[in-house]
**Student:** 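Please find one structure pasted underneath; my questions will follow.
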Amino acid sequence: MATGDNEDIFKRIRSTLPQSWFPSSSENATPVLDGILTGLAWPWAMLYSLLEYTNNQTRLDTSSGNFIDLAASDYFGSTLPRLTNESDSSYINRIKQEFFVKRNTREAFEAVKAADSTIEKITEPWSAVDCACYGRDQYDGASLCYGSRTAPGTVFVEISKDASLSVVSHELTDIKSEGTDVVLVVNNSN
């Protein structure tokens, strides 16, 4: 007998009946009453098993089937579909790995810049490092830019004229979060 199964619920219902009205359940003298109570216990046992199943689906580690796909869709949209014949455990592991990919940070943008030589410069208009004041510690005039506190979530990425726009935009789309505007600026001076 496990908690919440049909026998458990039956015994709980039986224990609420007045003892003086019926013989004890150990005598097995009430088959009609036991049948009625077992029938009453069945939907409650099913409800309890449904609650256990639902509770398992609230955490990624214990979820199963389509609920894992639903969680992946909630977290990552359509960018992380289940592979053909992929097991639940391997899909959960892929989802967990995807949680820790650096995204929407300066480090993430710099990592893409280091991997792609066509990206020349990354500028965040709200970042004091990039745009503290016009001409600060700059003598060549090539890296001067204005900052703006009215453009949070905006990143300017300067790329060479030889760069493939589709490749660079795909790389940057993979690391930016929703609501961040990434503006590609093609440098034609090269």
**Student:** Under the side-chain contact (heavy atoms from CB on, under 4.5 Å) rule, what do Ile68 and Ile92 come out as? Steps first, then yes or no, please.
**Tutor:** CA-CA 7 Å; Ile68 300 170; Ile92 288 171; 3.7 Å; yes
**Student:** Would you say Val32 and Phe10 are hydrophobically clustered, going by side-chain heavy atoms of ILVMFWY under 4.5 Å?
**Tutor:**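 Shared cluster, yes.
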**Student:** Which residue pairs pass the side-chain hydrogen bond (donor to acceptor under 3.5 Å, both in side chains) test with at least one member in residues 41-66, sequence neighbours excluded?
**Tutor:**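 Non-adjacent pairs meeting side-chain hydrogen bond (donor to acceptor under 3.5 Å, both in side chains): Asp61-Lys96.
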**Student:** Is it true that Ile122 and Val183 fall in one hydrophobic cluster, defined by side-chain heavy atoms closer than 4.5 Å?
**Tutor:**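 Ile122 does not cluster with Val183.
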**Student:** By side-chain hydrogen bond (donor to acceptor under 3.5 Å, both in side chains), which residues pair with Asp5, not counting sequence neighbours?
**Tutor:**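 Testing Asp5 for side-chain hydrogen bond (donor to acceptor under 3.5 Å, both in side chains), a comparison that skips the adjacent residues, returns none.
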**Student:** How close do Lys161 and Val186 get, heavy atom to heavy atom, and via which atoms?
**Tutor:**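 Minimum heavy-atom contact is CA-CG1, 3.7 Å.
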**Student:** Identify, with sequence neighbours excluded, every residue that meets side-chain contact (heavy atoms from CB on, under 4.5 Å) alongside Ser89.
**Tutor:**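 Residues passing side-chain contact (heavy atoms from CB on, under 4.5 Å) with Ser89: Ser87.
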**Student:** Ile13 versus Leu40: any side-chain heavy-atom pair under 4.5 Å?
**Tutor:**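 Side-chain contact under 4.5 Å: yes.
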**Student:** Are Ile95 and Phe67 connected in a single hydrophobic cluster, I mean Ile/Leu/Val/Met/Phe/Trp/Tyr linked by side-chain heavy atoms less than 4.5 Å apart?
**Tutor:**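 No, no single cluster joins them.
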**Student:** Determine, step by step, whether Ile9 and Thr38 satisfy the side-chain contact (heavy atoms from CB on, under 4.5 Å) criterion, reporting the C-alpha distance in whole Å, the side-chain angles of both residues, the deciding distance to 0.1 Å, and the verdict.
**Tutor:** CA-CA 8 Å; Ile9 301 293; Thr38 301; over 6 Å; no
**Student:** Going by the rule side-chain contact (heavy atoms from CB on, under 4.5 Å), which residues pair with Glu124 if we only count those two or more places apart in sequence or in a different chain?
**Tutor:**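 Scan of Glu124 (side-chain contact (heavy atoms from CB on, under 4.5 Å), adjacent residues dropped) gives Arg106, Trp126, Ser127, Asp130, Val155.
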**Student:** Are Arg94 and Glu86 within salt-bridge range, i.e. N to O under 4.0 Å?
**Tutor:**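 Yes, this pair counts.
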**Student:** Going by salt bridge (Lys or Arg N to Asp or Glu O under 4.0 Å), name the pairs with one or both residues in residues 73-82, residues two or more places apart or in two chains.
**Tutor:**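 Checked against salt bridge (Lys or Arg N to Asp or Glu O under 4.0 Å) - neighbours excluded - the pairs reaching residues 73-82 are Asp69-Arg82, Arg82-Asp88.
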**Student:** For Asp174, give me all partners under salt bridge (charged side-chain N to carboxylate O under 4.0 Å, His left out), at least two apart in sequence or on another chain.
**Tutor:**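 Applying salt bridge (charged side-chain N to carboxylate O under 4.0 Å, His left out) to Asp174 gives none.
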**Student:** Could you report the tightest heavy-atom contact between Lys113 and Ile119, atom names first, then the distance?
**Tutor:**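 The answer is CG-O, 3.7 Å.
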**Student:** Would you say that Val185 contacts Val157 through its side chain, given a criterion of any heavy-atom pair below 4.5 Å between the two side chains?
**Tutor:**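 A side-chain contact is absent here, since even the closest heavy-atom pair is not under 4.5 Å.
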**Student:** Which pair of non-hydrogen atoms, one from Asn6 and one from Ala41, has the smallest distance, and what is that distance?
**Tutor:**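 In terms of heavy atoms, the two residues are closest at OD1-C, 3.3 Å.
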**Student:** Quick one: side-chain hydrogen bond (donor to acceptor under 3.5 Å, both in side chains) partners of Ser169, sequence neighbours excluded?
**Tutor:**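 Scan of Ser169 (side-chain hydrogen bond (donor to acceptor under 3.5 Å, both in side chains), adjacent residues dropped) gives none.
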**Student:** Could I get the full list of side-chain hydrogen bond (donor to acceptor under 3.5 Å, both in side chains) partners for Asp8, not counting sequence neighbours?
**Tutor:**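 So Asp8 forms a side-chain hydrogen bond (donor to acceptor under 3.5 Å, both in side chains) with Arg12.
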**Student:** Can you name the residues that form a side-chain contact (heavy atoms from CB on, under 4.5 Å) with Ser73, not counting sequence neighbours?
**Tutor:**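 Ser73 satisfies side-chain contact (heavy atoms from CB on, under 4.5 Å) with no other residue.
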**Student:** Determine which pairs satisfy ring pair (Phe, Tyr, Trp, His ring centres under 6.0 Å) with at least one residue from residues 75-103, sequence neighbours left out, and list them in order.
**Tutor:**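 Counting only pairs at least two positions apart or across chains, the ring pair (Phe, Tyr, Trp, His ring centres under 6.0 Å) contacts touching residues 75-103 are Tyr75-Phe99, Phe76-Phe99.
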**Student:** Under the rule for side-chain contact (heavy atoms from CB on, under 4.5 Å), what residues qualify as partners of Leu33, not counting sequence neighbours?
**Tutor:**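 Counting only residues at least two positions away or on another chain, Leu33 forms a side-chain contact (heavy atoms from CB on, under 4.5 Å) with Arg14, Leu17, Phe22, Thr30, Leu37.
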**Student:** Around atom CD of Glu107, are there more than 12 heavy atoms from other residues, nucleotides or ligands closer than 6.0 Å?
**Tutor:**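 No, because the 6.0 Å sphere around CD of Glu107 holds 12 heavy atoms or fewer from other groups.
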**Student:** Hey, are the side chains of Asp162 and Thr118 touching, using non-hydrogen atoms and a 4.5 Å cut-off?
**Tutor:**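 A side-chain contact under 4.5 Å is absent here.
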**Student:** Flag the pair Leu184 / Leu172 as yes when at least one side-chain heavy-atom distance between them is below 4.5 Å, and no otherwise.
**Tutor:**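 Leu184 vs Leu172: side chains touch.
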**Student:** If you take all heavy atoms of Ala72 and Leu80, which pair is closest and at what distance?
**Tutor:**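 So the two residues come closest at CB-O, 4.0 Å.
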**Student:** Tell me, which pairs form a ring pair (Phe, Tyr, Trp, His ring centres under 6.0 Å) where one or both residues lie in residues 155-185, sequence neighbours left out?
**Tutor:**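 Listed by first then second residue: nothing to list.
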